[in-house]
Every structure is written in C-alpha cells, then in structure tokens.
Visitor: 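Below is one structure. I have some questions about it.
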Amino acid sequence: QALETSGQWPTWSKAVREALGIAGYGRLLPGATAQGRPIRRGEESTEDFAIRLDKWEDKSDKACALIRSKLSNDADARVKPTAEKPLDTVKDLWETIKNEYKPRGRNEFRHLHRQWSEASKDSCGGVIKFASRLRELNAEMGLIHAESKWPTSHVVQKFLDGLGSNFDL
C-alpha cells in the first residue's frame, strides 16, 4: 500500500524495510552498516574505489526507486530532492520521509485513540483482522512515545469487549 498519511507510517515503514531487505538493499537503511556513501579505503586504488562506488551508487539508486514506488503521488511530491538535499541515498530519502510522515504529537494521539475506541470485530471485518488492528494501533501509539502503548491487560480487555455478545464467555 502506498504511503499517504502519517497513520500509515508504522505498517508502511515495516513493509518497505522488509522489501528492501528481501531485495538485498537492507544494509543501506539508516542504522545499518553500509548506509552512507563509501569512502576510499587506505590501500585501495583509485580504480578499485571507482568500481566499488559505482556498484554502491547503483544499489542506492535501485533502493531509492523501490522506496519511491511505495509512496503515493502526494507523498512523492512532498519528498522532492533539492540542491541542498538531493535525496540520492537511502539514508537521506528515508530520513526525509520519516520526518514528514512519522506520527508525533497530540493530534496523532487523539486520532489513534479515536480509532482504538471505534475498533471492533464488526468494524474490522472479522476476529483476525480485529486482533491485527489492535496490535497495529498499539504499535503506532508506541511510536509517539513508548509510554503511550496500552498495557497488555487493556489490549486483551479491548479485544474481548470488541468481539461482541456472540462471544461472551
């Protein structure tokens, strides 16, 4: 699914990280070992470095294209390269998208809390989808702040309440 709103960030970022890893580009992500532009090694010849840099740039271009392919048209328009920030590395592109779309603040908290309150087996289209939605919402709350996540007992109670009267024990 294409990224359109900050509410989609948690599931979108997880899916794109997985896709990059499967495609062999996971090491280019922030926090990984090969995220930055390569530098010349001590004894490396100019020719060997040029070959290694060319391979790295090719991988980076492909990974950036994969990331951009997962953006909505609006999101792609909001994340445009500039002369100061060309967004030609996965690290720069990822950080820019993250700064634009990662949930934060009181409004996002209210939005997620409203979705939590309205979630039920019926509104989600089944028991499995309901359980999955509760996990997603709780994870999204944790992105705002670690202490914003609901305690496990609260999640279980919400799940049981949201099943409806047909599932009363």
Visitor: Output the distance between atom CZ (Phe109) and atom CH2 (Trp116), rounded to the nearest 0.5 Å.
Guide: 11.5 Å
Visitor: For Tyr101, give me all partners under side-chain hydrogen bond (donor to acceptor under 3.5 Å, both in side chains), at least two apart in sequence or on another chain.
Guide: Arg78
Visitor: Could you pull out the closest heavy-atom pair between Ala2 and Leu71, with the gap in Å?
Guide: CB-C, 3.8 Å
Visitor: Is it true that the side chains of Ser45 and Asp48 contain a donor and an acceptor less than 3.5 Å apart?
Guide: yes
Visitor: Once side chain to side chain donor-acceptor pair (under 3.5 Å) is applied, what residue pairs with a partner in residues 65-74 remain, sequence neighbours excluded?
Guide: Arg68-Asp76
Visitor: Quick one: are Trp9 and Ile97 in side-chain contact, heavy atoms under 4.5 Å?
Guide: yes
Visitor: Using the side-chain hydrogen bond (donor to acceptor under 3.5 Å, both in side chains) criterion, which residues pair with Arg110? Sequence neighbours excluded.
Guide: Asn107
Visitor: Taking atom types as modelled, find out whether Thr46 and Arg40 have a side-chain donor-acceptor pair closer than 3.5 angstrom.
Guide: yes
Visitor: How long is the gap from CG on Asn138 to CD on Glu140, to the nearest 0.5 Å?
Guide: 10.0 Å
Visitor: Can you confirm whether Lys91 sits close enough to Leu28 that some side-chain heavy atom of one is under 4.5 Å from a side-chain heavy atom of the other?
Guide: no
Visitor: Hey, are the side chains of Arg17 and Lys14 touching, using non-hydrogen atoms and a 4.5 Å cut-off?
Guide: no
Visitor: Do Asp92 and Thr89 make a side-chain contact, defined as non-hydrogen atoms from C-beta onward lying under 4.5 Å apart?
Guide: yes
Visitor: Who pairs with Lys62 by side-chain hydrogen bond (donor to acceptor under 3.5 Å, both in side chains), at least two apart in sequence or on another chain?
Guide: Asp58
Visitor: Restricting to pairs with a member in residues 149-162, which pass side chain to side chain donor-acceptor pair (under 3.5 Å), not counting sequence neighbours?
Guide: Gln157-Asp161
Visitor: Find out if a path of hydrophobic residues (ILVMFWY) with successive side-chain heavy-atom gaps under 4.5 Å connects Phe49 to Ile51.
Guide: no
Visitor: About how many Å separate CG of Leu20 and NZ of Lys59, when rounded to the nearest 0.5 Å?
Guide: 11.0 Å
Visitor: Could you list the residues that satisfy side-chain contact (heavy atoms from CB on, under 4.5 Å) with Ser165, not counting sequence neighbours?
Guide: Asp168
Visitor: Look up atom CG in Leu53 and atom NZ in Lys55, then write down how far apart they are to the nearest 0.5 Å.
Guide: 12.0 Å
Visitor: Ignoring hydrogens, what is the shortest heavy-atom contact between Leu3 and Gln8? Give both atom names and the distance.
Guide: C-OE1, 3.6 Å
Visitor: Are there over 12 heavy-atom neighbours, none belonging to Lys85, within less than 6.0 Å of that residue's NZ?
Guide: yes
Visitor: Could you grab the distance from atom NE2 of His113 to atom OG of Ser148, nearest 0.5 Å is fine?
Guide: 10.5 Å
Visitor: Quick one: list whatever passes side-chain hydrogen bond (donor to acceptor under 3.5 Å, both in side chains) with Ser120, sequence neighbours left out.
Guide: Ser123
Visitor: Please report the closest heavy-atom contact between Ile39 and Arg52, naming both atoms and the distance.
Guide: O-NH2, 2.7 Å
Visitor: Taking side chain as C-beta onward, heavy atoms only, is Arg37 less than 4.5 Å from Asp88?
Guide: yes
Visitor: Which residue pairs pass the salt bridge (charged side-chain N to carboxylate O under 4.0 Å, His left out) test when at least one of the two sits in residues 115-127, sequence neighbours left out?
Guide: none
Visitor: Just jot down the side-chain contact (heavy atoms from CB on, under 4.5 Å) partners of Ser6, sequence neighbours excluded, or say none.
Guide: Glu108
Visitor: Using the test ring-ring contact (aromatic ring centres under 6.0 Å, His included), find all partners of Tyr25 that sit at least two apart in sequence or belong to another chain.
Guide: none
Visitor: Check salt bridge (Lys or Arg N to Asp or Glu O under 4.0 Å) between Glu4 and all other residues, then give those that pass, not counting sequence neighbours.
Guide: none
Visitor: Which side-chain N or O atoms in residues 124-136 pair as donor and acceptor under 3.5 Å with protein atoms at least two apart or in another chain?
Guide:
residue, atom, partner, partner atom, Å
Arg133, NH1, Glu136, OE1, 3.1
Arg133, NH2, Gln115, OE1, 2.5

